[in-house]
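All remarks here apply to the structure that follows.
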Amino acid sequence: METAPFLDLSAPGFSTRSRAVVDARSTFWCAETPYGIAILHHREAGQLLRDKRLRQGSHNWPARHGLEGSFARFWSRSIIAQEGDAHRALRMVATRALADDFVDGLRPGFDRIASDLVGQIKPGREIEFMSQFSQVYAGQVICHLLDLPLDRWSQVALDASDLGLAMGVDCKSHEKRVNAACDRLMALADDLVKEACRNSSEGFVARLLEAFGDPAAIDLQTVLDLIVIVIFGGVDTTRAQLGFAINHFSNAPQDWQALRDDPDKVAFAIEEIIRQNPTTTWATREAVESFSFKGREIPKGQTVHILVHASALDPSVREDPAFDISKRGKSHFGFGGGAHHCIGHHMARTDMRSALHALSRRFEVVRPAGTAEWLPDSGNTSALHLPVTFS
């Protein structure tokens, strides 16, 4: 077997979009790392995401990074950490509650939220996009999903974003903040369940309880964990990916104009943003048995990292990696794949579509208004500060 290149995922400032990753991808389908192997090619990434000899790799992320407390306990119970029959049962419940037709029915509400926030942007005046639009929008969208008053968005969004800090390589430094956010979200989930039981509702929490079937068989903690994971994924993905979208369009006016010229291309634009700039920079799997793959021995317990950006821009599936919304592109793994494919992918795509449609209809131009600041480009990443001007 050829010798795989080495990528130091633990190095300060390491980026999954770096030249080192591109060079490694040009020489081999995988790379050695301090945390196991990294998959760089699209075909092999798809095969391994669906391989039943691998389980969800981030199930032990808290333990691997020394995290303790309420978040670590929540993560070990969550749908992320479950496999086999237990995972399938939880996934069936969650996907019933978040069925596509239910999410589609929420879209008019998403459109109203987006329109109201866009109306508050003063043309020609600098805004900090993440705090003044993206976080507000993502928080209000989740409030709409949960039948909460929209003015509750602030704490919900901030707590969900704080949970996201647990998935970065510097997570240990945020441990207290992460645990406090987890505790508050659990308390909110408990209140939502009590409210759904008191009052007849057709909202998400009521649908979740109904999807479990026999009320006597429902484990309350399991319900609370599902609600928290939906809040976490829903807010953080939308907030981060909208930031990546506006950062791209502010530096590529021709693409913004193409979006304005054909609003139907918004859905394609969302896929391109995730392909080019995924907030989840790698998806992880762990070998549950030793096996051989393409001549490479993968021992039991080894972690396999699917580098989402590298595999999405693999030249073997798309010769020109440039941003292109003229047509639907090759699939990416921004929402994972296989048995652990993100249960909220349709929700994320739908609410992002409402936001980008409202912004592109209202404003002819979006420009950078200063220097953006970003979380490390590994683990889960996003903009910390994104100054732009719409006009």
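None of the values given here were measured: they were computed from a predicted structure.
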Which atom of [X] lies closest to which atom of [Y], heavy atoms considered:
{"X": "S58", "Y": "T284", "value": "N-OG1, 3.0 Å"}
{"X": "A166", "Y": "C171", "value": "O-CB, 3.2 Å"}
{"X": "R184", "Y": "D159", "value": "NH2-OD1, 2.8 Å"}
{"X": "Q241", "Y": "M352", "value": "CB-SD, 3.4 Å"}
{"X": "G139", "Y": "A157", "value": "CA-CB, 3.8 Å"}
{"X": "A160", "Y": "V235", "value": "CB-CB, 3.5 Å"}

Validation row: [X], [Y] side chains within 4.5 angstrom (heavy atoms):
{"X": "I231", "Y": "L163", "result": "no"}
{"X": "W29", "Y": "S311", "result": "no"}
{"X": "L192", "Y": "L148", "result": "yes"}
{"X": "D8", "Y": "T33", "result": "no"}
{"X": "V178", "Y": "L67", "result": "no"}
{"X": "F74", "Y": "V228", "result": "yes"}
{"X": "Q257", "Y": "V365", "result": "no"}
{"X": "C30", "Y": "E44", "result": "no"}

Could you tell me whether [X] and [Y] make a salt bridge, using a distance below 4.0 angstrom between a side-chain N and a carboxylate O?
{"X": "R88", "Y": "D85", "answer": "yes"}
{"X": "R296", "Y": "E32", "answer": "yes"}
{"X": "R112", "Y": "D116", "answer": "no"}

Item to complete: Determine, stepwise, if the pair V308 / T281 fulfils side-chain contact (heavy atoms from CB on, under 4.5 Å).
Response: CA-CA 5 Å; V308 177; T281 62; 5.9 Å; no
Please answer whether the main-chain N or O of [Y] pairs with a side-chain N or O of [X] as donor and acceptor at a distance below 3.5 Å.
{"X": "K265", "Y": "A258", "result": "no"}
{"X": "R367", "Y": "S250", "result": "no"}
{"X": "H305", "Y": "A283", "result": "no"}
{"X": "D219", "Y": "T222", "result": "yes"}
{"X": "R107", "Y": "V103", "result": "no"}
{"X": "H42", "Y": "S316", "result": "no"}
{"X": "R260", "Y": "S360", "result": "yes"}
{"X": "H174", "Y": "G164", "result": "no"}
{"X": "R91", "Y": "H341", "result": "yes"}
{"X": "H41", "Y": "R25", "result": "yes"}

Spacing of [X] atom [atom1] and [Y] atom [atom2] [to the nearest 0.5 Å]:
{"X": "L165", "Y": "R177", "atom1": "CG", "atom2": "CZ", "answer": "5.0 Å"}
{"X": "F129", "Y": "I246", "atom1": "CZ", "atom2": "CD1", "answer": "4.5 Å"}
{"X": "Q47", "Y": "K294", "atom1": "CD", "atom2": "NZ", "answer": "7.0 Å"}
{"X": "E297", "Y": "S292", "atom1": "CD", "atom2": "OG", "answer": "4.0 Å"}
{"X": "H248", "Y": "N251", "atom1": "NE2", "atom2": "CG", "answer": "8.5 Å"}
{"X": "Q140", "Y": "L117", "atom1": "CD", "atom2": "CG", "answer": "5.0 Å"}

Can a donor-acceptor pair be found between the side chains of [X] and [Y] at a distance below 3.5 Å?
{"X": "H346", "Y": "D104", "answer": "yes"}
{"X": "H357", "Y": "R353", "answer": "no"}
{"X": "N380", "Y": "T279", "answer": "no"}
{"X": "D111", "Y": "S354", "answer": "yes"}

Discussion item. Go through it in stages, so that I can follow the logic: the residues are F244 and W374, the test is ring pair (Phe, Tyr, Trp, His ring centres under 6.0 Å), and I'd like the CA-CA distance, side-chain angles, deciding distance and then a yes or no.
Written reply: CA-CA 10 Å; F244 279 119; W374 304 87; 5.1 Å; yes
Practice prompt. State which residue, out of R285, E286, R64, fulfils the side chain to side chain donor-acceptor pair (under 3.5 Å) condition with T303.
Written response: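 Going through R285, E286, R64 one by one, the side chain to side chain donor-acceptor pair (under 3.5 Å) with T303 is satisfied by R64 alone.
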Discussion item. My understanding is that only one of R55, H59, E83 makes a side chain to side chain donor-acceptor pair (under 3.5 Å) with H340; could you say which?
Written reply: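 Looking at R55, H59, E83, the match for H340 under the side chain to side chain donor-acceptor pair (under 3.5 Å) is E83.
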Taking everything shown except [X] itself, do over 12 heavy atoms lie less than 6.0 Å from its [atom1]?
{"X": "E202", "atom1": "CD", "value": "no"}
{"X": "R361", "atom1": "CZ", "value": "yes"}
{"X": "E210", "atom1": "CD", "value": "no"}
{"X": "K52", "atom1": "NZ", "value": "no"}
{"X": "R152", "atom1": "CZ", "value": "no"}
{"X": "R125", "atom1": "CZ", "value": "no"}
{"X": "Q221", "atom1": "CD", "value": "yes"}

If you group Ile, Leu, Val, Met, Phe, Trp and Tyr by side-chain heavy-atom gaps below 4.5 Å, do [X] and [Y] land in one group?
{"X": "M167", "Y": "L158", "answer": "no"}
{"X": "L313", "Y": "L9", "answer": "no"}
{"X": "V118", "Y": "V388", "answer": "yes"}

Worksheet item: So F363 and F390, would you call those rings parallel, tilted or perpendicular, with 30° and 60° as cut-offs?
Response: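 If you compare the ring of F363 with that of F390, the planes turn out tilted.
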Discussion item. Once you measure the plane-to-plane angle for F133 and Y137, does it fall in the parallel (<30°), tilted (30-60°) or perpendicular (>60°) bin?
Written reply: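 Aromatic pair F133/Y137 classed parallel.
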Fill in: Partners passing side chain to side chain donor-acceptor pair (under 3.5 Å) against N179 (at least two apart in sequence or in another chain)
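Side chain to side chain donor-acceptor pair (under 3.5 Å) check on N179 returns nothing, list empty.
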Discussion item. L98 vs L145, test: side-chain contact (heavy atoms from CB on, under 4.5 Å). Steps then yes/no.
Written reply: CA-CA 10 Å; L98 277 176; L145 173 72; 4.1 Å; yes
Worksheet item: Where do L49 and F333 land on the side-chain contact (heavy atoms from CB on, under 4.5 Å) test, with the steps shown first?
Response: CA-CA 9 Å; L49 282 170; F333 302 115; 3.4 Å; yes
Worksheet item: Would Y35 and W282 count as a ring pair (Phe, Tyr, Trp, His ring centres under 6.0 Å) if you check the C-alpha gap in whole Å, the side-chain angles of each, and the deciding distance to 0.1 Å?
Response: CA-CA 12 Å; Y35 303 133; W282 60 60; 7.1 Å; no
Practice prompt. Find out whether the Lys NZ or Arg CZ of R207 is both under 6.0 angstrom from the six-membered ring centre of F102 and within 45° of the ring's axis.
Written response: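 Geometry flag: set, cation within 6.0 Å and 45°.
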Worksheet item: Stepwise, does the side-chain contact (heavy atoms from CB on, under 4.5 Å) test hold for E195 with D147?
Response: CA-CA 10 Å; E195 180 63 25; D147 283 337; over 6 Å; no
